[in-house]
Structures are given as structure tokens and as C-alpha cells.
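Down below is the structure, laid out as C-alpha cells.
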Amino acid sequence: MTLLHNSGFPRIGHKRELKFALERYWRGEDDLKKLEAVAARLRARHWQLQQDAGLDLLPANDFSLYDQILDNSLLLGATPSRFGDLSTLSHADAAFCVARGRDAQGNPVAAAEMTKWFDTNYHFIVPELQRGQTFSVSSNKLFDEVKEARRLGHLNIKPVLPGPLTWLWLSKAEGEAFNRLELLDDLVATYGDILQRLANLGVEWVQLDEPALALDLPTDWKQAYESAYSRLNAAPVKLLLATYFGPLQDNLHLAARLPVDGLHLDAVRAPGELALLADHLPAYKVLSAGIIDGRNIWRADLSQILDLLEPLQKRMGDRLWLAPSCSLLHVPVDLSSETELDTELKGWLAFAVQKLDELNLLRESLQADPGRRQQLLSDNHSAAQARRLSTRIHDPAVQERLGSLNAGMAQRRSHYRERRVQQIELPLFPTTTIGSFPQTAEIRQARRDYRLGRLDNAAYQQQMHSEIHKAVEIQEALGLDVLVHGEAERNDMVEYFGEQLQGFAFTRFGWVQSYGSRCVKPPVLFGDVSRPDPMTLSWTSYAQSLTDKPMKGMLTGPVTLLNWSFVRDDQPRALTCRQLALALRDEVLDLEQAGISIIQIDEAALREGLPLRQADWQEYLHWAVESFRIAASGVQDSTQIHTHMCYSEFNDVMPAIAAMDADVITIETSRSRMELLDAFRDFDYPAEIGPGVYDIHSANIPRQEDMLALLQKALERIPAERLWVNPDCGLKTRDWKEVKPALENMVAAAHRLRRQYQEKDRVSA
């Protein structure tokens with residue numbers, strides 16, 4: 001019989017139980033025992049749920065209190081030296097030290113760098129390795145969870161680990177650069193020890209995730225795959241090598257011939273490679289078809305999938321396994337909780353629980369006779385047809401406007417140098433923030449009461465005005481040069497805008513983990529997009545009325561709205577993005593008309609959406625940059641356009657970032673200690689840059705001296721007249737008791753630097 005398995009289940013819980021347990025522990029309200037009890041209940045629930053859904057192999061080690069890549073680093077004994085000896089701490093506390101910036105004694109240190117997990121919005125903690133690094137099995141978390149599952153009666157456990165080559169590929173050098181492949185021999189030997197210990201626990205199958213095989217790999221890394229897996233072949237367990245997020249392409253033959261017992265392919269991203277792999281796999285190998293989309297929430301068209309699978313099953317029989325394309329970490333937990341969701345729309349969706357049901361239905365249909373199959377799939381087929389034919393998806397007015405787009409709509413009137421002299425005059429090293437301020441319990445309660453009808457519109461507006469007034473007063477007292485209104489009214493930088501745009505729908509419990517305890521609730525972008533009314537105008541105008549200092553208008557850009565939503569799959573993403581851009585263009589022009597002279601259009605996810613293969617970059621970058629420019633380019637030269645980007649490697653896309661033609665770009669750089677600015681040194685970026693000097697993902701309050709040192713490092717790459725001073729990102733997840741002293745130190749560091757340059761000018765004069 002065709003075997004069903006899964007690479008991972010969402011760990012946060014359908015009501016975000018893990019998030020709240022983590023934050024209680026971090027605040028000191030609960031002890032570690034209580035946190036681990038919540039984690040154990042979630043694991044037990046998720047294993048049982050997957051068992052009940054008919055899975056033959058259940059994933060273990062997919063659960064994490066922070067990040068699975070960080071867990072793997074701790075398993076291998078590979079933590080940055082600045083944290084000291086973490087071996088005396090629990091696995092959880094050691095992970096929190098590295099992720100949140102504390103050494104083994106509890107003293108503040110720089111937290112480990114975070115970046116995006118391939119082309120997703122999930123952040124992982126980057127491993128930091130030294131030349132001559134050695135590895136050893138240094139954590140029992142993996143083995144304890146296998147034992148835990150077996151105690152609960154789940155003998156069909158399949159541990160899932162990051163593969164050694166992908167983990168090494170994602171790492172960075174701590175200190176001097178070196179060829180990380182120098183560490184491979186010892187790394188593989190330690191993986192061998194891990195596999196032996198799993199075998200001793202009665203484990204039959206182990207999954208090693210190697211999504212790096214979907215990338216353009218240098219020759220020496222391809223050769224390293226062959227040598228590493230030849231050595232791991234001696235382990236007394238069966239190995240399932242899993243790739244996902246893209247096709248294998250030139251790595252297909254390499255993956256097919258690796259000495260493993262099975263190969264998992266993302267058949268959602270690479271359906272055409274299933275038959276190719278079936279041709280190339282030896283007769284003893286399993287082919288796992290990742291056929292249910294682990295990245296989006298639409299119900300699968302099982303009839304179409306069966307057409308793809310039937311010929312393969314006839315050739316491979318029980319050697320064909322079925323699974324989601326990747327871990328279900330990237331989708332919400334359970335659609336059944338969505339009791340307030342529109343019935344028609346709900347019928348088009350599938351969350352993690354429903355995707356497991358789809359797998360079971362696929363297997364049953366694959367083995368049924370034609371009459372029974374039609375009966376099994378009738379409901380699924382009707383839902384797929386209904387979505388394609390629904391009049392709710394298509395808006396003729398939006399289509400007509402899209403057809404009227406022309407090249408001039410994506411062009412600013414003048415070059416940056418000509419625009420800059422017409423824009424607002426600011427001091428050297430101007431200070432600002434990225435947009436949001438702490439979302440206090442009072443703010444969240446007011447939004448909740450308003451949503452539930454316990455607070456009328458007038459009372460809600462009055463409370464939000466009070467919060468905006470407070471944010472403006474604090475910023476003026478701190479001495480910031482360019483202010484923001486604080487975004488008290490916004491639940492999320494994407495959801496807030498989606499709620500006011502046509503073509504979006506919203507869930508109550510559609511939460512997805514972004515990093516640690518941070519969860520997002522992506523909107524469902526199901527149809528043509530338009531803006532019925534202004535979205536930010538009244539809040540921004542009110543804030544500007546409170547101060548003589550410039551107030552930034554704050555918008556989320558079209559590419560980020562696209563990449564951080566669950567997006568319709570019935571038309572190219574480029575068309576949907578242009579619709580978003582036109583809607584935002586209207587908002588930008590309304591803000592300008594109201595006298596807002598600085599407008600920030602955040603494109604935090606621009607780099608994240610870049611295809612994994614370089615050959616596909618140009619097409620994406622063309623329409624992504626064009627969409628930003630459509631949104632931004634209708635303004636006068638005197639209006640200054642800002643954008644912001646989250647953790648990303650910029651080197652390869654600098655020409656595209658420059659082509660966005662923003663006047664100011666702010667980026668997250670503090671965790672990398674300004675290393676990301678190397679891209680701006682090697683490329684003559686034509687406009688202004690604000691590299692983050694305050695790591696907002698850590699509870700640490702940065703010292704004035706440390707921020708000044710970062711700014712001085714930034715000046716090695718950025719001319720003084722183009723350097724802004726700002727935090728890494730928005731401050732909504734922090735507390736005011738952290739934010740105020742941190743921003744006070746940031747402003748003081750900027751003023752010290754300003755005085756140093758003024759003194760230089762006097763001396764040179």
C-alpha cells in the first residue's frame with residue numbers, strides 16, 4: 001500500500017499556545033517545567049492528530065521552542081564563542097541565549113544573526129562556525145522526543161533533521177573567512193553518531209532535509225554531497241533525503257544517485273521531475289512525491305494530481321510514497337476553527353489538518369476503482385471548479401485599469417540628485433524609526449473591543465488618537481528628526497492593508513510562525529485587488545497635525561503584501577502584484593495631497609521572493625521593481641520616498657534595489673554587525689541608506705557606544721551626507737521600557753557623530 005508521511009507539523013498550536021507559553025517564560029511568570037509541559041502537550045496532540053489522519057510515518061524533531069536550525073547547531077555542539085559554555089544549561093535555555101542575546105551567565109551579548117529560510121517568511125538562526133571547528137553530539141532533545149513519542153505508543157516515528165550539507169551551506173564564518181567544506185569530515189562523523197543513536201532507539205527511517213539541492217551549487221559542493229552521503233550510507237537506519245522549495249534541475253542526477261534509501265521531491269514546485277526521477281532511481285529506492293502544497297492554503301485539485309500519480313504508481317507500486325511538498329510549518333493548523341469565515345471561501349481552503357486529510361483521500365482514490373474514485377472526489381472536484389468559476393474573483397474595473405498601465409507610470413519625474421535638493425532639509429545623520437511602536441495590552445484590547453462591537457467607532461478613534469499623541473510626544477522628547485505615528489491602529493503590516501482592500505479575506509486563527517514566538521496571520525488574497533477608500537490618510541494626517549517635525553506616511557509595499565499573503569494561484573503573481581501597486585499608488589497620492597512630504601513604502605519581503613535559481617531572477621526582479629515604482633512614482637520630486645527591507649543578502653540584487661529609485665532605504669544590519677553593508681561598498685548605491693543600529697529582535701538595550709561604533713563602521717561604506725540613523729525594524733514587539741532608553745541612546749549616538757563631523761568641518765575650515 002502507498003505509504004503516507006509528513007515532514008513537519010505547525011508547532012505553535014491552533015490557538016498559539018506555544019507563543020504564549022514562551023512569552024510567559026521569558027517574562028519570568030512560568031518556570032521551564034511549565035513551558036516544557038505545554039510543549040509536550042502540543043507534541044502529543046500533533047502526533048495523535050497525524051496518526052488519526054492515516055499517516056504511516058510520523059515526524060519527530062520537527063518541534064522547536066525557537067528554531068530547528070538552531071536546535072541542530074546545539075545538537076552538534078556548534079554555538080558562537082561569545083556565548084560561552086552553554087553545556088550547563090538546558091537545551092531550551094541555551095537556544096534562548098543564542099537567539100535572544102545572552103551569554104551563559106545571563107549577560108547581554110549580540111544575538112546570533114537571523115535570515116530567511118530560503119524563499120519563505122520563516123526566519124532561522126544562522127550557524128556561526130570557526131576554522132578548525134569540531135562537532136560532537138551535545139544535546140539530547142532529538143533523542144528525548146523520539147523516546148517520548150514511543151512512550152505514547154507511536155512506534156512509527158521518522159526523525160527529521162537538517163541535512164549536513166544544507167546546514168553547512170546556511171552557516172557563516174565566525175571571525176576570518178574560510179572554506180566551510182573543511183569542516184565536513186568531522187560534521188559527517190557526528191551525523192553518523194546521531195544516526196547510530198537513533199538506530200539504538202529502534203528508529204528505522206530518518207529524514208535528512210537538503211533543500212540546498214534546489215539551488216545553484218558550486219562543483220565542490222556537489223562533490224561534497226557524494227562523499228558525505230557515501231559515508232552516511234553505513235548508518236544502520238534507512239535514509240530519506242528530502243528536497244523542497246524548487247526543482248532539482250541540474251542536481252537531479254546527483255540526487256538520484258546518492259546512496260540513500262529514498263528521495264523526496266517537491267512535486268508542487270517541480271511536478272515534471274517526478275517521472276524523471278522514477279526513470280533514474282534504482283529499483284530499491286523509494287520516491288516520495290510531495291504532492292500537497294505545504295506553502296499555500298488552497299484545496300488541492302485531487303483529480304489533476306491523480307492524473308500525474310497513476311502512471312507512477314503503476315511503475316513503482318509501493319515504492320511511491322505521498323507527502324506534503326514540505327513541512328506544514330508554513331500553513332495554519334486547522335480550518336475547522338474558522339467559524340466566522342465566509343462559507344464559500346472556506347470551501348476553497350485547506351490548512352495543515354485538512355492537507356493530511358487530502359493525502360489520505362489521494363491514497364484511497366489511487367487504489368479505488370473508477371466508480372468509487374469519482375464518488376470519493378466529487379466534493380473536492382466541486383470546490384476546485386467553484387473557485388475557478390466564482391464571480392467574486394474577477395473585477396472588470398480592475399482588469400481595465402491594469403490594461404491601461406504604461407511605462408511612464410513607473411518613472412519618477414527626475415533623477416535622485418535633482419529631486420534631493422527639492423526635498424525636506426534635515427540635519428546630518430537624521431534619526432528616525434521604521435514605523436511601529438510597542439503594541440501594548442491596552443492597544444490590543446481596544447482593537448479587540450472594537451472588532452467585537454464593544455467599542456463604537458468614535459470611542460475607538462479617540463483611543464487610537466490618544467496612542468498616536470503619546471507616540472508623537474515621546475519622539476519629540478527623544479529628539480528624533482523624522483517621526484512616525486506609531487501604527488497603534490494596525491494589527492499587522494500586511495493584514496491591516498488587506499482588510500481595507502477588495503480581493504482579500506481574513507481568518508481568525510490562521511497563524512503561522514515567523515520566528516521564535518512571533519506569529520503572523522497572512523491574509524487570503526483570492527481575487528482582483530482595488531482600494532475602495534483611503535487606508536492610512538486620517539491617522540497620518542492627525543499625527544502630522546500634532547507636530548512641526550516631518551511625519552512619515554507608512555505603507556506596506558506591493559511585493560511584500562504579495563509575498564506575505566496566501567496568494568491566488570489562478571493567474572501569474574506578477575499580475576496580482578501590479579494590481580496591488582495600483583491600489584497603493586492611490587494611497588501614496590492621497591498622502592502627498594494631504595501634505596505628507598515623506599512616505600515610506602516597506603518592501604521587507606522583496607529579496608525573500610527571489611527565485612532560488614539565478615536563471616529565474618531577472619523575470620521576478622523586473623516585475624517586482626516595476627510594481628514598487630508604480631506605487632511610488634506618481635509623486636512630485638519634493639516628496640521623499642523611503643523603503644525598508646528585512647534580513648536579506650543584498651549583494652546579488654543591488655542593481656535591482658537601486659532600480660527601485662527610492663530616495664532612502666533602511667535595512668536590518670545590526671545582527672550582522674554591518675556585514676550586509678559590504679554590498680553597498682562594492683556597488684555605488686545612488687541614494688541614502690539607513691543601516692539598522694538597534695537589534696529590535698533582542699530584549700537587550702543597545703549602548704550608545706556600541707551604536708556609535710556601528711555607525712562609524714557604516715561610514716566606511718556610506719558617505720556621511722547619505723547616512724541615516726534608525727533601528728533595524730519596527731518596534732511593535734518590544735516594550736516601552738526597552739524602546740525609550742534604546743532610542744535615547746540611538747539619538748545620542750547620532751548627535752555625537754554629528755558633533756564629530758561639525759568639529760572636523762571647523763578644523764578643516
Ignoring hydrogens and geometry, is there a side-chain-to-backbone donor-acceptor pair from [X] to [Y] under 3.5 Å?
X      : Y      : value
Asp293 : Pro324 : no
Ser325 : Gly294 : yes
Arg16  : Cys519 : no

Solution key, residues 305-317 side-chain donor-acceptor pairs under 3.5 Å, sequence neighbours excluded:
residue : atom : partner : partner atom : Å
Glu310  : OE2  : Arg373  : NH1          : 2.4
Glu310  : OE2  : Arg373  : NH2          : 2.9
Arg315  : NH2  : Asp279  : OD1          : 2.2

Exercise. Tell me the salt bridge (Lys or Arg N to Asp or Glu O under 4.0 Å) pairs involving residues 227-239, sequence neighbours left out?
Worked result: Asp185-Arg231, Glu204-Lys238

Problem set entry | Pairs touching residues 253-266 that satisfy salt bridge (Lys or Arg N to Asp or Glu O under 4.0 Å), sequence neighbours left out | Glu226-Arg257

Exercise. So which pairs with a foot in residues 272-301 pass ring-ring contact (aromatic ring centres under 6.0 Å, His included), sequence neighbours left out?
Worked result: His253-His280

Exercise. If you look only at pairs with a residue in residues 211-234, which of them pass as a ring-ring contact (aromatic ring centres under 6.0 Å, His included), with sequence neighbours excluded?
Worked result: Trp169-Trp221

Problem set entry | Residues which pass ring-ring contact (aromatic ring centres under 6.0 Å, His included) with Phe124, listed by chain and number, not counting sequence neighbours | Trp117

For this session: Could I get the full list of side-chain hydrogen bond (donor to acceptor under 3.5 Å, both in side chains) partners for Gln571, not counting sequence neighbours?
Result: Thr576

For this session: Could I get the full list of side-chain hydrogen bond (donor to acceptor under 3.5 Å, both in side chains) partners for Arg299, not counting sequence neighbours?
Result: Asp379

Exercise. Taking only residues two or more places apart in sequence or in another chain, which ones pass side chain to side chain contact (heavy atoms under 4.5 Å, CB included) with Val286?
Worked result: Trp205, Trp321

For this session: Return the set of residues passing side chain to side chain contact (heavy atoms under 4.5 Å, CB included) with Arg518 (not counting sequence neighbours), or none when no residue passes.
Result: Asp492, Ser514, Tyr515, Val520, Lys732, Thr733

Problem set entry | Gln133 side chain to Asp186 side chain, donor-acceptor N/O pair below 3.5 angstrom | no

For this session: For the residue pair Ser139 and His91, confirm or rule out a side-chain donor-acceptor distance under 3.5 Å.
Result: yes

Exercise. With Arg363, which residues qualify under salt bridge (Lys or Arg N to Asp or Glu O under 4.0 Å), at least two apart?
Worked result: Asp56

For this session: Apply the side chain to side chain contact (heavy atoms under 4.5 Å, CB included) test between Trp167 and each candidate in Leu208, Asp209, Leu161, Leu187; give the one that qualifies.
Result: Leu187

Problem set entry | Name of the residue among Glu145, Arg197, Lys147 meeting side chain to side chain donor-acceptor pair (under 3.5 Å) with Asn140 | Arg197

Scan the side chains in residues 267-276 for donor-acceptor partners under 3.5 Å anywhere in the protein, sequence neighbours excluded, and list what turns up.
residue : atom : partner : partner atom : Å
Arg269  : NH1  : Asp119  : OD2          : 3.2
Arg269  : NH1  : Phe245  : O            : 2.9
Glu273  : OE1  : Leu248  : N            : 2.8
Glu273  : OE2  : Leu248  : N            : 3.2
Glu273  : OE2  : Gln249  : N            : 2.8

